[in-house]
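Please read these numbers as outputs of a predicted model, since none were measured by experiment. Computed over heavy atoms, backbone and side chain alike; hydrogens, waters and symmetry mates excluded.
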Amino acid sequence: MSLVKSTKNNGRNKPVLKKLSTRLDKYDASVDLENQIVIVKLRNKVFKIRLLHCREYVRKFLRHKWYEVIVSINRSGRLWICILFKWEYRPYKPRSIISLDINLKKIVIYNGRCIRRVNTRFMEALYLKHLAEKV
């Protein structure tokens, strides 16, 4: 999909390579978070890349399973490693619900039990803005 967008953006010519990057799965890379090393296999060569993060930061990810490694080189020639982890998302369960309806004349607030209406002066401000623009 990104190749199609790149081709459309540069006048339907060949795509332009802006950033050199590769995505690797478990067959081409291995991640050892305890020793902070990523081993990458590219074109029959093996590269060992050391992670520069502090141990406390890496310790948060030890119990999670990774599924993809992205290796990229930016324009200044620095090597970047991005490790994607499988993460179980637990949505937040709110204790109570507040609903807001904001209009030009009133703000209506409903908290599940009672409705509160607050008058606003947005119409007057809009009218004064119109007068100020004429000046």
- Item | Nearest heavy atoms of Phe122 and Ile102, plus distance in Å | CE1-CG2, 4.4 Å

- Note on the structure: For Tyr110 and Gly112, the nearest pair of non-hydrogen atoms, with its separation, is OH-O, 3.2 Å

- More than 12 heavy atoms from other groups under 6.0 Å of OH on Tyr127: no

- So does Lys26 have more than 12 non-hydrogen atoms from other groups sitting under 6.0 Å from NZ? no

- Item | Identified side-chain contact (heavy atoms from CB on, under 4.5 Å) counterpart of Ile49 within the set Ile39, Leu79, Ile37 | Leu79

Answer with yes or no whether the hydrophobic clustering places [X] together with [Y]; edges join I, L, V, M, F, W, Y residues whose side-chain heavy atoms lie under 4.5 Å apart.
X     : Y     : result
Val38 : Leu42 : yes
Ile81 : Leu20 : yes
Val40 : Ile73 : yes

Show every donor-acceptor pair shorter than 3.5 Å between a side-chain atom in residues 51-70 and any protein atom, with sequence neighbours excluded, or say none if there are none.
unit_1 : atom_1 : unit_2 : atom_2 : d
Arg55  : NH1    : Glu34  : O      : 2.9
Glu68  : OE1    : Arg23  : NH2    : 3.0
Glu68  : OE2    : Arg23  : NE     : 3.0

- Message: With side-chain contact (heavy atoms from CB on, under 4.5 Å) as the criterion, how do Asn111 and Ile109 come out once you've worked through the C-alpha distance, each side chain's angles and the decisive distance to 0.1 Å?
- Response: CA-CA 7 Å; Asn111 65 358; Ile109 304 165; 5.6 Å; no

For the atom pair [atom1] ([X]) and [atom2] ([Y]), what is the distance rounded to the nearest 0.5 Å?
X      : Y      : atom1 : atom2 : result
Leu24  : Lys41  : CG    : NZ    : 10.0 Å
Asp28  : Arg43  : CG    : CZ    : 12.5 Å
Ile107 : Leu104 : CD1   : CG    : 10.5 Å

- Message: A side-chain contact here means heavy atoms from C-beta on lying under 4.5 Å apart; do Ile115 and Val108 qualify?
- Response: yes

- Between Thr120 and Lys105, is there a donor-acceptor pair closer than 3.5 Å when you use the side chain of the first and the backbone of the second? yes

